[in-house]
Chemist: 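Quick one: structure below, then a few questions.
Chain identifiers are assigned alphabetically (A, B, ...) following the order of the sequence lines, protein sequences preceding nucleic acid strands; residue numbering begins at 1 within each chain.
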Number of protein chains: 2
Amino acid sequence: MVTIYDIAQMANVSAMTVSKVINNTGRISEETRRKVKKVMEELNYIPNSNARSLVLQQTQILSLLITDITNPFYTSLARGAEDGAKQYGYRLLFGNSDEDYAKEKDYVDMILSTRVDGVLFAPAGDLSLKNLEKLRAHNIPFVIMDRAVPGIESDMICGDSKEGARKLVDYLIGLGHRRIALVNGSLDVSTARLRYEGYAEALALQGIPLDETLIIHQNYRDYHADDHLEQLLEQPSPPTAIFAANNVLAVGVIRDLRERGIRVPEDISVVCFDDLDLSSALDPFLTVAAQPAYQFGAMGIQLLVERIRGSSVPESRKVILPSELVIRSSAKPI
Amino acid sequence: MVTIYDIAQMANVSAMTVSKVINNTGRISEETRRKVKKVMEELNYIPNSNARSLVLQQTQILSLLITDITNPFYTSLARGAEDGAKQYGYRLLFGNSDEDYAKEKDYVDMILSTRVDGVLFAPAGDLSLKNLEKLRAHNIPFVIMDRAVPGIESDMICGDSKEGARKLVDYLIGLGHRRIALVNGSLDVSTARLRYEGYAEALALQGIPLDETLIIHQNYRDYHADDHLEQLLEQPSPPTAIFAANNVLAVGVIRDLRERGIRVPEDISVVCFDDLDLSSALDPFLTVAAQPAYQFGAMGIQLLVERIRGSSVPESRKVILPSELVIRSSAKPI
DNA sequence: TTGTATGCGTTATCAT
DNA sequence: ATGATAACGCATACAA
């Protein structure tokens, strides 16, 4: 590896002079600057950012931690984050927790030892508290995305889960549905709780009683119908519509319904949170509350960088990104 | 930040002793080992990997560079890479070139300055040659994924584009189609050339003449029908089937067809390379040559790590991963 | 305008 | 079994 000393030697200057032309700092004569640059070219010199990080006490690395790389929502978010990081001149260290607290912890340790300048954190759920506290204890700035974590105050950028859920359920009610099932994520995830609340409120507003037998809680990323769906469908008065708390669950539900010969939306309506991108482009079928996933990532980076650079940034800022009801054809009047 | 010196002081030992217990190297008495570990716990010590990288001359970081984070093929590949990296104890630096050589170059520079131990490289196309040569010149190991780059010898893991294309077109011919269009990627991408060849061979084998007016070349990730599709459909003898060279193109084609009121597969059949994951789960519609995307990433990491660690690895190894014809309903007999 | 000394946090080498 | 010293590649403070 060629170092500044190598090029210093070849250019007949000191290493410091080289460092200065690299960083455009201090006063250097045009002549030596050119001379040094020429040698750098010839030797294919590339600065060692590890050494740089060590002395500068900053890495120019940001970490992105998401919970499901398979979910188009997070994929789009990652794209926004990636674009943002590039724009601000940061490198992106990538992690995927698979909605798993243990994996998340491993990544936090990795993040810490890497001394990243900040992290864009999509928590697996409420138990992410410990992991976030660890980051906080080590003074590394972060912005939380998508899901709030009780007990942690920080910059945050979330969707409006409650409102989105309400819109979705309102829409179903408007279609004449009264027996509306909820296939939800785990209740230790804030969005699942909020979507549940939105669901409940929408029902209450129309005087429709909440029926717990119509509610299933699952993990957001592993949909297994198992007996759950069975139990849902085989009750005396089965649902005429299903609200799936995210896209992955919706796909699982619809697949399982079809396997049982139940048609969507003819036999049962289905709506969900988050869009499907390519899938929706192929076949505009699923009616959804679409969130601006790309914005989550892009704005997340922006907040994070402002926090890192910014002495001016006051207390923690919360951004709520609205979701949009996109009506397609997976739900129909009863 | 707490360093080994801090904990050395608190534990009344030298920094070296601390280093040794951290790395389990050298001989340390059980007693001091316990004492040191205890202090590390108390002080929440986290090793600084930058300092470590500097002296060890290796970072334990791998870089993953893909061309389209929006494409499920690369998303799944990334997932495989991420799992693999974790398994082997590497961190993953993530990059997305957007099929853009300039962005790719930027990432290569970033990769170089990061001194990553190796890179998993999905080239944008033939002009990636320069970027790969740069990596090579700096002695950083890489394995090329998905697309070959003429002029570069290296470990590589590709799909069987020619064979997959042949299967797809054969299938269409078997359905009675004779006028089969090809919506292809750019010809400076090896897979596009190979898919073209497979297409041509399948036709030739059945004595069907190749008609250049049935062939469109596009960028793999930006499908714009524009006049292309127009021109395809408005000729005297329009195609009865379309072979799209990848999933993104297929989605674009189908969307545009539908906008014109042309039904798939009733009016025209469509097949393509690469599956759509979630979309296919929702609606098993598109007939495809599916590639084991996850394997690309997982095996890629494996080859890469073997190359990095392995003195035993001989010349460059090529892995060809087969694709599977998945027949669904986007193509039907003429 | 340019160079010298020092330190960033860690590990390897070699003593003790 | 443990410790002192140097080195990794770079940048800051200060001198010249």
Side-chain angles (χ1 to χ4, degrees), chain A residues 1-37 39-40 43-61 109-117 138-140, chain B residues 1-37 39-40 43-61 91 109-110 112-117 138-140:
Chain A
M1 274 295 94
V2 16
T3 75
I4 53 172
Y5 286 95
D6 298 322
I7 86 149
Q9 192 171 359
M10 284 223 36
N12 279 317
V13 294
S14 80
M16 268 323 82
T17 306
V18 176
S19 175
K20 281 171 188 159
V21 340
I22 291 175
N23 299 295
N24 265 317
T25 161
R27 315 239 143 274
I28 299 276
S29 75
E30 257 321 303
E31 193 191 334
T32 51
R33 159 167 280 116
R34 249 198 304 280
K35 189 172 55 179
V36 168
K37 288 210 163 180
V39 177
M40 294 200 319
L43 264 50
N44 281 317
Y45 171 73
I46 308 259
N48 182 326
S49 25
N50 293 305
R52 210 154 188 287
S53 298
L54 195 56
V55 30
L56 256 26
Q57 299 284 57
Q58 51 156 322
T59 52
Q60 294 293 110
I61 297 181
D109 288 341
M110 181 200 88
I111 283 167
L112 252 15
S113 78
T114 304
R115 304 289 195 266
V116 303
D117 293 344
H138 286 269
N139 274 316
I140 115 107
Chain B
M1 277 294 95
V2 16
T3 73
I4 52 173
Y5 283 94
D6 299 322
I7 86 148
Q9 192 171 359
M10 285 222 37
N12 279 318
V13 294
S14 79
M16 263 323 76
T17 307
V18 177
S19 175
K20 279 172 188 157
V21 340
I22 291 175
N23 299 294
N24 266 316
T25 161
R27 317 240 142 271
I28 300 276
S29 76
E30 258 319 303
E31 192 192 333
T32 50
R33 158 167 281 117
R34 250 197 303 280
K35 188 171 57 179
V36 167
K37 287 210 166 181
V39 177
M40 295 201 316
L43 265 51
N44 280 317
Y45 170 75
I46 308 261
N48 183 326
S49 28
N50 294 304
R52 210 153 188 286
S53 297
L54 195 56
V55 31
L56 255 26
Q57 298 284 56
Q58 51 156 324
T59 53
Q60 293 294 109
I61 297 181
R91 295 169 281 172
D109 287 341
M110 181 201 86
L112 253 13
S113 77
T114 304
R115 303 291 195 265
V116 302
D117 293 344
H138 286 269
N139 274 317
I140 114 107

Chemist: Quick one: B:Leu54 CG to C:dT11 P, roughly how many Å, whole number?
Modeler: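 The distance from CG of B:Leu54 to P of C:dT11 comes to 12 Å, rounded to the nearest Å.
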Chemist: Is there a donor-acceptor contact under 3.5 Å from the side chain of B:Ser14 to the main chain of B:Met16?
Modeler: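 Checking the backbone N and O of B:Met16 against the side chain of B:Ser14, a donor-acceptor pair under 3.5 Å is found.
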Chemist: Report yes if at least one side-chain N or O of B:Tyr45 is closer than 4.0 Å to OP1 or OP2 of C:dT10; otherwise report no.
Modeler: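 Result: yes.
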Chemist: At under 4.0 Å between heavy atoms, what does A:Thr32 touch on the DNA or RNA strands: base, sugar-phosphate, or nothing?
Modeler: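 Contact class for A:Thr32: sugar-phosphate only.
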Chemist: Can you find a pair of side-chain heavy atoms, one from B:Gln60 and one from B:Arg52, that are under 4.5 Å apart?
Modeler: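 Side-chain contact under 4.5 Å: no.
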Chemist: What's B:Arg52 touching, base or sugar-phosphate or nothing? Going by heavy atoms closer than 4.0 Å.
Modeler: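 The residue B:Arg52 makes sugar-phosphate contact but no base contact.
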Chemist: With sugar-phosphate meaning primed atoms plus P, OP1 and OP2, does B:Ile4 contact a base, only sugar-phosphate, or nothing at under 4.0 Å between heavy atoms?
Modeler: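 Touches a base.
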Chemist: Just call it for A:Thr25: base, sugar-phosphate, or nothing, with non-hydrogen atoms closer than 4.0 Å on any strand.
Modeler: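 The residue A:Thr25 makes no contact with any strand.
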Chemist: Please report, rounded to the nearest Å, how far the P atom of C:dT11 is from the CD1 atom of B:Ile7.
Modeler: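 Distance, rounded to whole Å: 11 Å.
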Chemist: Kindly point out which of C:dG9, D:dA4, C:dG3 is positioned nearest to the side chain of B:Met16?
Modeler: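 In terms of side-chain proximity for B:Met16, the closest of C:dG9, D:dA4, C:dG3 is D:dA4.
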Chemist: Is B:Ile22 touching bases, backbone alone, or none of the nucleic acid, heavy atoms closer than 4.0 Å?
Modeler: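 It contacts nothing in the nucleic acid.
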Chemist: Give the rounded distance in Å between these two atoms: CD of A:Gln9 and P of D:dG9.
Modeler: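 Atom-to-atom, A:Gln9 to D:dG9, this comes out as 14 Å.
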Chemist: Rounded to whole angstrom units, what separation is found between the CZ atom of A:Arg115 and the P atom of C:dG9?
Modeler: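 Result: 8 Å.
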Chemist: Identify which nucleotide among C:dA12, C:dG9, D:dA11 has an atom closest to any side-chain atom of A:Tyr5, counting heavy atoms from C-beta outward.
Modeler: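 Closest of the options to the side chain of A:Tyr5: D:dA11.
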Chemist: Taking the side chain of A:Leu56 as heavy atoms from C-beta outward, which of D:dG9, D:dT12, C:dT4 is closest to it?
Modeler: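 Taking heavy atoms from C-beta onward, the closest nucleotide is D:dT12.
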Chemist: By nearest atom, which of the nucleotides C:dT1, C:dT11, C:dT10 is closest to the B:Ala51 side chain?
Modeler: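 Nearest nucleotide to the side chain: C:dT10.
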Chemist: Is the shortest side-chain N/O distance from B:Asn23 to OP1 or OP2 of C:dT11 below 4.0 Å?
Modeler: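 It does, given that an N or O in the side chain of B:Asn23 lies less than 4.0 Å from OP1 or OP2 of C:dT11.
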Chemist: Could you state the atom-to-atom distance from CD of A:Gln58 to P of D:dC10 in whole Å?
Modeler: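 The answer, rounded to whole Å, is 16 Å.
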Chemist: Given 3.5 Å as the limit, does a donor-acceptor pair link the side chain of B:Ser113 with the main chain of A:Ser49, or not?
Modeler: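 The answer is no, because no donor-acceptor pair under 3.5 Å joins these two groups.
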Chemist: Any side-chain N or O of A:Ser29 below 4.0 angstrom from OP1/OP2 of C:dT1?
Modeler: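 For C:dT1, OP1/OP2 do not have a side-chain N/O of A:Ser29 under 4.0 Å.
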Chemist: Check every strand shown and say whether B:Asn50 touches a base, only sugar-phosphate, or nothing at a heavy-atom separation below 4.0 Å.
Modeler: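 No contact.
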Chemist: Among D:dG3, D:dG9, C:dT11, which is the nearest nucleotide to the side chain of B:Val55?
Modeler: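 Out of D:dG3, D:dG9, C:dT11, the nucleotide with an atom closest to B:Val55's side chain is C:dT11.
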Chemist: Measure from CD on B:Gln57 to P on D:dC8 and round the result to the nearest Å.
Modeler: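 Between P of D:dC8 and CD of B:Gln57: 8 Å.
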Chemist: If you take all heavy atoms of A:Ala51 and B:Leu54, which pair is closest and at what distance?
Modeler: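 Closest heavy-atom pair between A:Ala51 and B:Leu54: CB-CD1, 3.7 Å.
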Chemist: Could you tell me how far apart B:Ile28 (CD1) and C:dT11 (P) are, to the nearest whole angstrom?
Modeler: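 Computing the B:Ile28:CD1 to C:dT11:P distance gives 12 Å.
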Chemist: Verify the contact: side-chain N or O of A:Ser14 to OP1 or OP2 of C:dG3, cut-off strictly under 4.0 Å; return yes or no.
Modeler: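 Indeed, a polar side-chain atom of A:Ser14 lies that close.
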Chemist: Salt bridge or not between B:Lys35 and B:Glu31? Use side-chain N to carboxylate O under 4.0 Å.
Modeler: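 No, this pair does not count.
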Chemist: For D:dA1, does OP1 or OP2 lie under 4.0 Å from any side-chain N or O of B:Thr17?
Modeler: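 No.
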